[in-house]
2 protein chains.
Amino acid sequence: MSQDARKKGEPREAGETRRQILQAAQHLFAAHGYRAVTTRQIAEACGITQPALYKHFGDKQDLYVSMLLGEVAQVKTALERIVQREAPIPERLRLTALYLLNNTRHDIGMMTHDMSTELSQDRQHILEHAFVDGLVQPIAALFEEGMRQGLMRLPGQDSVSPQMAALLFLNIIDLFTAQSFQDMAAEPRRSKTEQARLIVQLSLYGMAQRQERLDPL
Amino acid sequence: MSQDARKKGEPREAGETRRQILQAAQHLFAAHGYRAVTTRQIAEACGITQPALYKHFGDKQDLYVSMLLGEVAQVKTALERIVQREAPIPERLRLTALYLLNNTRHDIGMMTHDMSTELSQDRQHILEHAFVDGLVQPIAALFEEGMRQGLMRLPGQDSVSPQMAALLFLNIIDLFTAQSFQDMAAEPRRSKTEQARLIVQLSLYGMAQRQERLDPL
DNA sequence: CCTACCGATCGGTAGG
DNA sequence: CCTACCGATCGGTAGG
């Protein structure tokens, strides 16, 4: 699996192995979840032995948390750049959805499940904070701006907080990302661009006919 | 853990143990996922030893699948009863959401993840079919009726198939059910009744202000 | 339905 | 970074 030609047992460039481990961990954990991936699988994917992992990370949880923190930091940077653009809110939402459709490898449901069942309390809180700070907040800022402009309903009986709106938005993106759902839904193949547009439509206007008003509940 | 007073090693009433195992499995799997729950934990929760499980189920997968099939069958019955009522579509959607908020213990994300990573292909297909047949189809029928009545947008560039609409609806319910999300969202405590109403509002009308039309995308 | 037990595999450590 | 290895625990079986 390893692509470099160093002799076995010989350390490679400092930091290089660590980077490689994080990348292998990212792929494997994203595909199978925390519990189902073994430290031996990760090591093998990097061309090292399993005990060598512990030269770079304290334990399996540490590796998992480090990997996710790196991912979230990357996404945070990208989202903040999109949010600060000068463009109408729906357009910025569309760009956000498009970025996440193209770059999100972890489904959020699996991530939060692993967080809450496999990690120690301290590590849970670290990840939860990073997740809120890096993913939820930038999007929530967009919804808050929309509410201030009067484009969206204010939180209350008929709508939700900007943070919950962001979670809802992320959740819909997740649904489009998950392959298993697409298969069940008899949906036509759509490009990412079309998907992003549709996600914004559904988030803002729901599924009702535009000219009709259904019975208010 | 066992509540009956039979002597150890003595079989209890036929079918009773099986029912007890399924219930314990349901609680444990719902809380922790397939991989994290051991056959010994399930056995202990029923007051039997681990090898005794294999008198009732072929293996761990068989137990998991049997449990989920039972759950889905129960939900299917309830949803079909709601769908066949004589009431406006939004009202039937609200009752559907309310039922699922009160009775769904498995988050769908976890379930589909376990299905696709821990089960054999045959068993995957069995569960997927039951899930579509028992959960998705009844709700999709409701959305299809709404589309035929012209209350909802037809599938196409601006909307989705009835099946996808049902998945979207289920996904939003899931978001409200998941405790971990509620904590992040700075949301006020809402009763299940209010949550069900809000879920329908968001599904049908989205988050945009009613009187405004944002820039079409 | 129990006791006893198996091979496999897990995360992690010792020592170099 | 490797070899060698540990205790714990897993799903599942044998035999009664």
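Computed over heavy atoms, backbone and side chain alike; hydrogens, waters and symmetry mates excluded. A note on names: the letters A, B, ... follow the listed sequences, proteins ahead of strands, and every chain is numbered from 1.
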Practice problem: Could you check A:Tyr64 against A:Val37 for side-chain contact (heavy atoms from CB on, under 4.5 Å), going step by step and ending with a plain yes or no? | Solution: CA-CA 11 Å; A:Tyr64 182 74; A:Val37 172; over 6 Å; no
Exercise. Among the candidates C:dT13, D:dC1, D:dC2, find the nucleotide nearest to the side-chain atoms of A:Pro51.
Key: C:dT13
Practice problem: Let me have a per-nucleotide readout for nucleotides 6-11 of chain C, 5' to 3', with B, S or -, counting only protein heavy atoms under 4.0 Å. | Solution: ----BB
Quiz item: For DNA chain C, what is the dot-bracket line, given that a base pair needs Watson-Crick (N1 to N3, plus N6-O4 or O6-N4) or G-U wobble (N1-O2 and O6-N3) geometry with both distances under 3.5 Å, and | means paired with another strand?
Solution: ||||||||||||||||
Practice problem: In sequence, state the C-alpha distance, the side-chain angles, and the governing distance for B:Glu91 and B:Arg85, and then conclude on salt bridge (charged side-chain N to carboxylate O under 4.0 Å, His left out). | Solution: CA-CA 10 Å; B:Glu91 172 63 9; B:Arg85 280 205 185 190; 5.7 Å; no
Quiz prompt | Distance-only polar pair, side chains of B:Arg123 and B:Gln61, donor-acceptor under 3.5 Å | solution = yes
Exercise. Calculate the interatomic distance between A:Gln61 atom CD and C:dG12 atom P; express it in whole Å.
Key: 8 Å
Quiz item: Can you check whether B:Thr49 has a side-chain N or O nearer than 4.0 Å to OP1 or OP2 of C:dC1?
Solution: no
Quiz item: Would one find more than 12 heavy atoms of other residues, nucleotides or ligands at under 6.0 Å from atom NE2 of B:His56?
Solution: yes
Quiz item: Distance from B:Leu198 atom CG to B:Thr193 atom OG1, nearest 0.5 Å?
Solution: 12.5 Å
Quiz item: Step by step, would you call A:Arg19 with A:Glu16 a salt bridge (charged side-chain N to carboxylate O under 4.0 Å, His left out)?
Solution: CA-CA 5 Å; A:Arg19 205 190 49 75; A:Glu16 171 59 17; 3.2 Å; yes
Pairs of donor and acceptor atoms involving the side chains of residues 127-143 of chain B, under 3.5 Å and at least two apart or interchain, shall be tabulated with distances.
residue, atom, partner, partner atom, Å
B:Asp133, OD2, B:Lys76, NZ, 2.8

Exercise. Is it possible for you to check whether B:Lys192 lies under 6.0 Å from the centre of the six-membered ring of B:Phe176, through NZ or CZ, and within 45° of that ring's axis?
Key: no
